[in-house]
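Numbers restart at 1 for each chain; the letters A, B, ... are given by sequence-line order, proteins then strands.
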There are 2 protein chains.
Amino acid sequence: MTDAAVAPVPVTQDGAEIAPGSSKSERSYTAIKARILEGSFTPGYRLVLAKIAADLGFSVVPVREAIRRLEAEGLVTFKRNVGATVSGIDPTEYLYTMQTLSIVEGAATALSAPLIDSVATARARAVNAHMRECLEHFDPVRFTALNQDFHSILFEHCPNPHILDLVHRGWNRLATLRSSTFRFVPGRAKESVLEHEALLQLIEAAADADTIERAARQHRIATLDAYLAHAPALTD
Amino acid sequence: MTDAAVAPVPVTQDGAEIAPGSSKSERSYTAIKARILEGSFTPGYRLVLAKIAADLGFSVVPVREAIRRLEAEGLVTFKRNVGATVSGIDPTEYLYTMQTLSIVEGAATALSAPLIDSVATARARAVNAHMRECLEHFDPVRFTALNQDFHSILFEHCPNPHILDLVHRGWNRLATLRSSTFRFVPGRAKESVLEHEALLQLIEAAADADTIERAARQHRIATLDAYLAHAPALTD
DNA sequence: ATGTACGAAATCGTATACGATACATCCTCC
DNA sequence: GGAGGATGTATCGTATACGATTTCGTACAT
């Protein structure tokens with residue numbers, strides 16, 4: 001579970017063994033996306049068609065298609081006749097993304113809550129406990145991964161796949177921040193763990209949808225607020 | 001405004017005059033999308049690469065790229081080695097889309113509300129009055145277009161473009177239903193007009209964000225509920 | 001020394017060609 | 001007469017080639 005969040009797709013250096021059955025276009029997409037999410041391709045990295053095609057052993061056409069798909073997801077920025085670069089995320093973009101995420105995560109949590117059984121809450125608690133450990137050992141990368149795992153458990157039986165898709169898109173968009181301390185605002189992580197516990201209690205108590213939605217939304221907003229409070233220091 | 005909603009992009013039969021400056025890939029995208037949204041390409045319509053390319057006077061490569069982009073937006077369904085068809089929207093898909101729309105529209109309305117001035121509310125009222133007329137003359141197509149115009153006015157200064165983008169995607173997804181009576185559930189249209197007025201009053205009264213969000217969300221949900229109540233009759 | 005014009009290199013955009021796949025049709029065999 | 005397989009056609013998937021555009025460095029003139 002956790003490993004999957006860090007490296008969702010197995011990738012070899014030459015990218016040849018990814019889902020051998022699917023098209024090269026598909027494999028290009030998967031390979032490039034994996035490298036962006038795992039951090040090999042950092043924001044600003046220039047994605048040169050011919051170079052990537054050579055790396056993967058494909059021609060440029062499928063690679064081009066893959067990059068356009070990634071553009072549609074906001075993971076890369078494309079400029080005509082110039083090329084594609086891995087999207088960065090400036091403070092404004094961060095704000096938009098976090099705000100949107102708060103809304104869709106809130107909705108996803110409220111919709112999923114009635115379907116979360118005691119086994120799932122137990123698993124979520126285990127992950128949350130693990131997060132607390134990461135906090136003590138100061139391991140922001142693992143903390144972030146576990147944070148996603150926690151919410152993924154809650155969303156496992158989300159009845160609306162569209163909303164879930166929006167959540168994932170937001171997460172992917174934020175993933176390019178992985179190696180920075182942008183998301184790890186001092187003091188927020190501890191609160192986050194506490195809020196997770198409070199959220200689980202609301203779910204177990206079968207609180208009404210509005211209450212759960214509000215709590216889940218606030219959980220994300222609080223991180224945004226913490227960032228905004230520190231913005232002068234974090235924005236260069 | 002209204003005309004724009006019905007035919008957002010001017011398209012000639014041969015598609016040659018769309019934004020002459022942009023790439024053929026871009027023009028293909030615009031042309032195909034326009035035809036889907038205006039209803040020339042109805043759900044289930046088979047998009048054959050070579051045929052479309054010939055129609056547009058381009059080669060298949062840019063057309064292919066355009067279709068993949070439309071796929072990412074959910075407007076067309078692509079099957080490997082088989083081809084693309086204009087996406088239909090079955091009852092389940094309709095439910096997902098409406099539910100998601102209710103959430104993002106609710107958020108968009110709440111975020112925009114403080115920025116809506118009296119000029120905008122007056123314009124919105126005019127559109128709403130026009131909708132009432134369409135109701136009397138039973139003009140579902142125009143009604144639907146005006147309905148979008150109404151909300152577009154509210155969202156004009158939406159501070160979060162990401163959320164606005166999600167709203168538009170939902171609208172586009174529903175647009176393939178244009179020529180059917182699917183969306184025009186008996187009795188709902190009248191309520192819709194009344195709800196618009198109520199929403200405007202909340203906005204003018206500077207009601208708190210939660211209240212406005214709830215009202216806006218409910219506005220969409222009510223249509224979904226009305227559909228669900230009639231589902232046995234409408235689902236064949 | 002600085003600004004401008006020119007040219008070369010890098011990279012993308014599109015066309016064309018051909019191989020691969022899937023689906024439909026028809027034929028054969030039982 | 002029906003079921004199974006072989007064949008044909010439509011269509012997609014990818015490679016390669018070349019033209020178009022941008023960018024950057026360099027040389028020249030001021």
Side-chain angles (χ1 to χ4, degrees), chain A residues 12 14-33 35-36 41-73 75-88, chain B residues 14-33 35-36 41-88:
Chain A
T12 58
D14 56 34
E17 275 98 58
I18 304 170
S22 50
S23 68
K24 297 188 179 180
S25 162
E26 188 69 25
R27 279 184 279 171
S28 303
Y29 169 78
T30 308
I32 299 170
K33 184 170 182 175
R35 295 210 186 162
I36 293 175
F41 291 165
T42 54
Y45 185 96
R46 201 145 167 227
L47 299 168
V48 178
L49 284 177
K51 191 173 178 321
I52 294 179
D55 284 354
L56 294 170
F58 304 153
S59 86
V60 295
V61 178
V63 173
R64 185 183 165 81
E65 217 178 271
I67 287 180
R68 296 308 281 260
R69 280 177 65 186
L70 292 167
E71 187 197 13
E73 292 181 34
L75 260 58
V76 313
T77 306
F78 203 87
K79 262 173 59 183
R80 165 145 191 212
N81 283 323
V82 174
T85 55
V86 176
S87 299
Chain B
D14 57 34
E17 274 98 58
I18 304 171
S22 51
S23 69
K24 297 188 180 181
S25 163
E26 187 69 25
R27 280 185 278 170
S28 304
Y29 169 78
T30 308
I32 300 170
K33 185 170 181 175
R35 295 207 186 165
I36 293 175
F41 291 165
T42 53
Y45 185 95
R46 240 190 120 184
L47 300 168
V48 178
L49 285 178
K51 190 173 181 321
I52 295 179
D55 284 354
L56 294 170
F58 304 153
S59 85
V60 296
V61 178
V63 173
R64 184 185 167 80
E65 221 179 88
I67 287 181
R68 295 309 280 260
R69 278 178 66 187
L70 292 167
E71 187 197 12
E73 293 182 33
L75 259 58
V76 313
T77 305
F78 204 86
K79 263 173 61 184
R80 166 147 194 217
N81 284 324
V82 174
T85 56
V86 176
S87 299

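Under the side chain to side chain donor-acceptor pair (under 3.5 Å) criterion, K33(A) pairs with Y29(A), E73(A), not counting sequence neighbours. Scanning for side chain to side chain contact (heavy atoms under 4.5 Å, CB included) contacts around V61(B) gives S59(B), with sequence neighbours left out. A53(B) is linked by a side chain to side chain contact (heavy atoms under 4.5 Å, CB included) to V60(B), V63(B), counting only residues two or more places apart in sequence or in another chain. In terms of the side chain to side chain donor-acceptor pair (under 3.5 Å) criterion, residue partners of T77(B) (sequence neighbours excluded) are, by chain and number, S87(B). Judged as a side chain to side chain donor-acceptor pair (under 3.5 Å), and not counting sequence neighbours, the contacts of S25(B) are E65(B).
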Look for any protein N or O under 3.5 Å of an N or O in nucleotides 10-14 of chain C and output each such pair with its distance, or none.
| residue | atom | partner | partner atom | Å |
| --- | --- | --- | --- | --- |
| dC12(C) | OP1 | L49(A) | N | 3.4 |
| dC12(C) | OP2 | L49(A) | N | 3.3 |
| dC12(C) | O3' | N81(A) | N | 3.2 |
| dG13(C) | OP1 | N81(A) | N | 3.4 |
| dG13(C) | OP2 | R64(A) | NH1 | 2.2 |
| dG13(C) | OP2 | R64(A) | NH2 | 3.2 |
| dT14(C) | OP1 | K24(B) | N | 2.5 |

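Over its full length, the helix from dA1(C)-dT30(D) to dC30(C)-dG1(D) turns its helical axis through 0°, comparing axes from the five pairs at each end and rounding to 10°.
For residues 44-54 of chain A, every residue pair satisfying the salt bridge (Lys or Arg N to Asp or Glu O under 4.0 Å) rule, not counting sequence neighbours, is listed here: K51(A)-D55(A).
Salt bridge annotation for E71(B)-K79(B): absent, with no cationic side-chain nitrogen under 4.0 angstrom from a carboxylate oxygen.
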